[in-house]
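Here you go, one structure.
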Amino acid sequence: MLDQSLEAAFRLSRIAVRFAGALILFSALMVCADVVSRRILGVTMSGSDEISGYLFAIATALSMPFALLHRANVRIDAAYSLFSPKLRYALDLFGLVLMTVFAAFVTWRAALAVEVTLTNGSRAITPLQTPLILPQSAWLAGWLLLCVCLLLVMAALIAAGLRGDLDRARQIGGIPSVEEEIEGETAGVLPTHSDMKEA
C-alpha cells in the first residue's frame, strides 16, 4: 500500500515538474518576445514581468515534490558519510521532520492567503488586474503536493527503520551516494550492456 502510494507520488511529481518546466519555458519566451518587440518595434508587452513572476512561483512550488522524491535537494554532507548508518538514519528522519513542519506552516499560511483572496475577490494592483486566486491556487497546489509527498516519504522511512532495513531507508530519504550520483548523471549518456550487445 505504501509502496503503491509512493509510486503514484512519483508519477504525479513527474507530471508536475514537466508542467513546471513548460511554465518556465513559456515565461522565458514571453520575456524574450517582449525584449525583441521593445527593441525593434518600440512596443512593449504589458504585464510580461508580472505574468513571469506568477509562473516562476508556481513552477517552483510544483518542482519541489520531484526534488524531494529524487533526493535532489541540496544538503551539506561533509561529515554525514563518516557517521554510522543508524546515526545517518536518525539525521535523515530529523531533517525530514523539520522540512515537513516548515512545509506545513507555509502551506497553512498559503491556504489562509487563498481564502482571503477568494473572499475579497482580490485582484493585482497592476494594469492587468489579474485575479489573484488563479496564481495563488496553483501555487498552493504545489505546496499541498509537497506536504503529501513529505508524509509519504516519512512513513516509508519510518517503516524501513522499523524493519531494520537501513539501506532501503537511505534510498528513500538519505543523501545519494557517489555511485548513485554518477549513475544519475550518466543515465542515457553511457551505452548500456544491451546497447553494446546490439552494436
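Below, each value reflects all heavy atoms present in this structure, side chains not excepted, and no hydrogens, waters or symmetry copies.
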Q) Does the side chain of Asp34 come within less than 4.5 Å of Arg38's, by heavy atoms? A)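 A side-chain contact exists here, since the closest heavy-atom pair is under 4.5 Å.
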
Q) Can you check whether Leu68 reaches Leu96 side chain to side chain, under 4.5 Å on heavy atoms? A)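 SC-SC contact between Leu68 and Leu96 confirmed.
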
Q | Interatomic distance, Leu157 atom CG to Asp165 atom CG [nearest 0.5 angstrom] | A | 11.0 Å

Q) Any idea which heavy atoms bring Cys149 and Ala9 closest together, and the distance? A) SG-CB, 4.0 Å

Q: Kindly work out whether a path of hydrophobic side-chain contacts (I/L/V/M/F/W/Y, heavy atoms less than 4.5 Å apart) joins Leu162 to Tyr89.
A: yes

Q. In Å and rounded to the nearest 0.5 Å, what is the CD1 to OG distance from Ile58 to Ser27?
A. 10.5 Å

Q. Taking atom CZ of Arg18 and atom OG of Ser13, what is their separation to the nearest 0.5 Å?
A. 9.5 Å

Q) Would Arg170 and Arg71 count as a side-chain contact (heavy atoms from CB on, under 4.5 Å) if you check the C-alpha gap in whole Å, the side-chain angles of each, and the deciding distance to 0.1 Å? A) CA-CA 10 Å; Arg170 185 188 57 78; Arg71 298 179 293 158; 4.2 Å; yes

Q: Could you check Thr130 against Ile51 for side-chain contact (heavy atoms from CB on, under 4.5 Å), going step by step and ending with a plain yes or no?
A: CA-CA 9 Å; Thr130 308; Ile51 294 172; 5.7 Å; no

Q) Does the side chain of Val36 reach to within under 4.5 Å of the side chain of Arg39, using non-hydrogen atoms? A) no

Q. How many angstroms lie between atom CZ of Phe19 and atom OG of Ser63, to the nearest 0.5 angstrom?
A.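 Separation between the atoms: 11.0 Å.
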
Q: Establish whether Phe66 and Leu12 are linked, either directly or via other cluster members, by ILVMFWY side-chain heavy-atom contacts under 4.5 Å.
A: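 Result: no, two separate clusters.
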
Q. Within a strict 4.5 Å, meaning less than it, do heavy atoms of the Leu145 and Met64 side chains meet?
A.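 Counting from C-beta outward, Leu145 and Met64 never come under 4.5 Å.
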
Q) If you take all heavy atoms of Leu62 and Gly142, which pair is closest and at what distance? A)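 Closest heavy-atom pair between Leu62 and Gly142: CD2-CA, 3.8 Å.
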
**Q.** Salt bridge Arg88-Asp92, side-chain N to carboxylate O under 4.0 Å
**A.** no

Q.
Hydrophobic clusters here meaning ILVMFWY residues chained together by side-chain heavy-atom distances under 4.5 Å, can you tell me if Leu150 and Ile172 are in one?
A.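 Yes, one cluster joins them.
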
(Q) Nearest 0.5 angstrom please: Ser52 OG to Leu23 CG, how far? (A) 11.5 Å

Q. How close do Ala113 and Gln136 get, heavy atom to heavy atom, and via which atoms?
A. O-OE1, 3.6 Å

Q.
Is there a side-chain contact between Leu132 and Tyr54 in this structure, where contact means two heavy atoms from C-beta onward sitting under 4.5 Å apart?
A.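 Of all side-chain heavy-atom pairs linking Tyr54 with Leu132, at least one is under 4.5 Å.
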
Q | Contact summary for Met30 and Ser48, nearest pair of heavy atoms | A | CE-O, 3.5 Å

Q: Determine whether Phe102 and Leu98 make a side-chain contact, defined as any pair of heavy atoms from C-beta on separated by less than 4.5 Å.
A: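 Phe102 does not reach Leu98 side chain to side chain.
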
Q) CG/Leu134 to CH2/Trp139 distance, rounded to the nearest 0.5 angstrom? A) 15.0 Å

Q. Would a 4.5 Å heavy-atom cut-off, applied to side chains only, mark Leu69 and Leu6 as touching?
A. yes

Q: Count the heavy atoms belonging to other residues, nucleotides or ligands that lie under 6.0 Å from CD1 of Ile125, then report whether that count exceeds 12.
A: no

Q.
Starting from Val31, can I reach Phe26 by hopping between I/L/V/M/F/W/Y residues whose side chains sit under 4.5 Å apart?
A. no

Q: State plainly whether one hydrophobic cluster holds both Ile133 and Leu140, where clusters connect Ile, Leu, Val, Met, Phe, Trp and Tyr through side-chain heavy atoms under 4.5 angstrom apart.
A: yes

